[in-house]
Amino acid sequence: MTDELHRIDHKILSALERLHTATRTAFAAQGYVQGLSPLQAQILHHLHRNPAQAVSVTLLAEIFRVTKPTVSDSIATLESKKLIKKTASKVDARGYTVKLTKVGLNVAINIREYAAPFLASLERLDPNQKEALWDALIHLLGILKDNNLIPLTRMCFSCRHFGEQVNGARYYCHLLNAPLPVADLRVDCAEHVLKEAP
Ligand code: SF4
């Protein structure tokens with residue numbers, strides 16, 4: 001790798017670190033306003049974004065890279081505040097999944113407000129810049145996932161249904177039987193099936 005490219009890698013990482021700090025700080029502040037710890041706010045936010053997903057303690061522990069007892073503590077607090085409700089698992093006699101209550105949904109909608117200024121900033125990029133940025137980021141996420149540097153994700157690049165250069169399309173979903181424009185690539189798809197390791 002040339003020195004110049006090496007320098008760009010460091011600058012990209014530095015920019016990502018700044019973005020992460022800015023978004024996490026805004027997110028934690030919004031959760032604090034709602035009387036929640038960062039992990040409790042993250043759990044509500046995840047449930048809001050994935051209403052159809054069966055969300056278990058194990059899944060949350062994997063997504064947020066914390067222990068199961070830590071997740072269980074947060075769930076107990078959220079349940080005591082009537083923000084989530086538990087449903088017994090069909091596959092594990094001692095397990096359960098969680099969903100937002102109506103009150104919890106309203107709190108999750110308030111938490112999501114943290115994103116408003118960041119989305120307004122992204123709107124100032126032109127469509128080509130946005131598509132190029134999204135294309136690069138989703139590829140980077142795939143590489144980071146392969147290197148076990150980010151938690152479980154249900155993105156197209158790790159999906160058994162994903163194809164490249166099919167029927168003249170750069171990306172293709174064999175489940176939908178349709179091309180996937182870059183803007184339609186997903187990072188959390190409910191139909192995702194993990195691709196077997198080569
Ligand atoms: S099923 Fe979902 S994750 Fe898999 S390729 Fe199709 S759109 Fe992507």
Side-chain angles (χ1 to χ4, degrees), residues 9 12-13 15-16 19-20 23-24 27 39 41-66 68 71 75 84 87 89-92 95-100 104-105 108-109 111-112 114-116 118-119 121-123 125-198:
D9 290 347
I12 292 171
L13 184 60
L16 291 174
L19 272 173
H20 174 77
T23 54
R24 287 303 87 186
F27 182 85
L39 180 58
Q42 281 177 307
I43 291 171
L44 290 194
H45 190 53
H46 181 82
L47 294 175
H48 184 210
R49 285 172 39 163
N50 301 278
Q53 190 180 33
V55 177
S56 64
V57 171
T58 304
L59 180 68
L60 291 170
E62 190 159 356
I63 290 170
F64 299 122
R65 299 217 154 174
V66 294
K68 289 191 210 175
V71 170
I75 283 178
I84 60 170
T87 305
S89 167
K90 291 178 186 146
V91 288
D92 174 2
Y96 59 85
T97 57
V98 288
K99 275 198 183 308
L100 290 175
L105 175 63
I109 289 169
I111 291 170
R112 192 184 54 184
Y114 90 93
F118 298 100
L119 292 172
S121 303
L122 281 168
E123 272 179 23
L125 296 179
D126 73 43
N128 290 337
Q129 284 177 313
K130 277 192 234 187
E131 186 157 312
L133 180 59
W134 172 234
D135 197 8
L137 281 175
I138 197 164
H139 273 88
L140 179 61
L141 286 172
I143 295 167
L144 294 173
K145 169 72 185 69
D146 289 346
N147 290 336
N148 285 323
L149 290 168
I150 57 169
L152 178 79
T153 56
R154 302 186 297 176
M155 65 177 90
C156 290
F157 291 122
S158 63
C159 179
R160 192 189 297 169
H161 302 303
F162 183 69
E164 289 187 67
Q165 308 299 345
V166 179
N167 297 340
R170 183 178 171 199
Y171 303 129
Y172 198 87
C173 174
H174 291 287
L175 182 73
L176 301 173
N177 210 10
L180 280 173
V182 169
D184 288 350
L185 291 171
R186 302 182 191 179
V187 287
D188 199 12
C189 173
E191 279 76 44
H192 177 274
V193 180
L194 191 62
K195 198 170 12 186
E196 282 157 29

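Order of listing sets the numbers, starting from 1, for every ligand and every atom in it.
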Enquirer: Near atom 8 (Fe) of ligand 1, is there an N/O/S atom from C159 that is less than 2.8 Å away?
Expert: no

Enquirer: What is the nearest protein non-hydrogen atom to atom 8 (Fe) of ligand 1, stated with its residue, atom name and distance?
Expert: C156 SG, 2.4 Å

Enquirer: Please check: side-chain N/O of H48 versus main-chain N/O of L100, any donor-acceptor pairing under 3.5 Å?
Expert: no

Enquirer: Taking the side chain as every heavy atom from C-beta outward, state whether F64 and I43 have any atom pair closer than 4.5 Å.
Expert: yes

Enquirer: Is the closest side-chain heavy-atom distance between V193 and L175 below 4.5 Å?
Expert: no

Enquirer: Which atoms of ligand 1 are found less than 4.0 Å from any heavy atom of R186?
Expert: 7 (S)

Enquirer: If hydrogens are left out, which of C189, G163, C173, A178 has an atom nearest to atom 3 (S) of ligand 1, that is, the closest non-hydrogen atom?
Expert: C189

Enquirer: In the structure I gave you, are the side-chain heavy atoms of L137 and L16 within less than 4.5 Å of one another anywhere?
Expert: yes

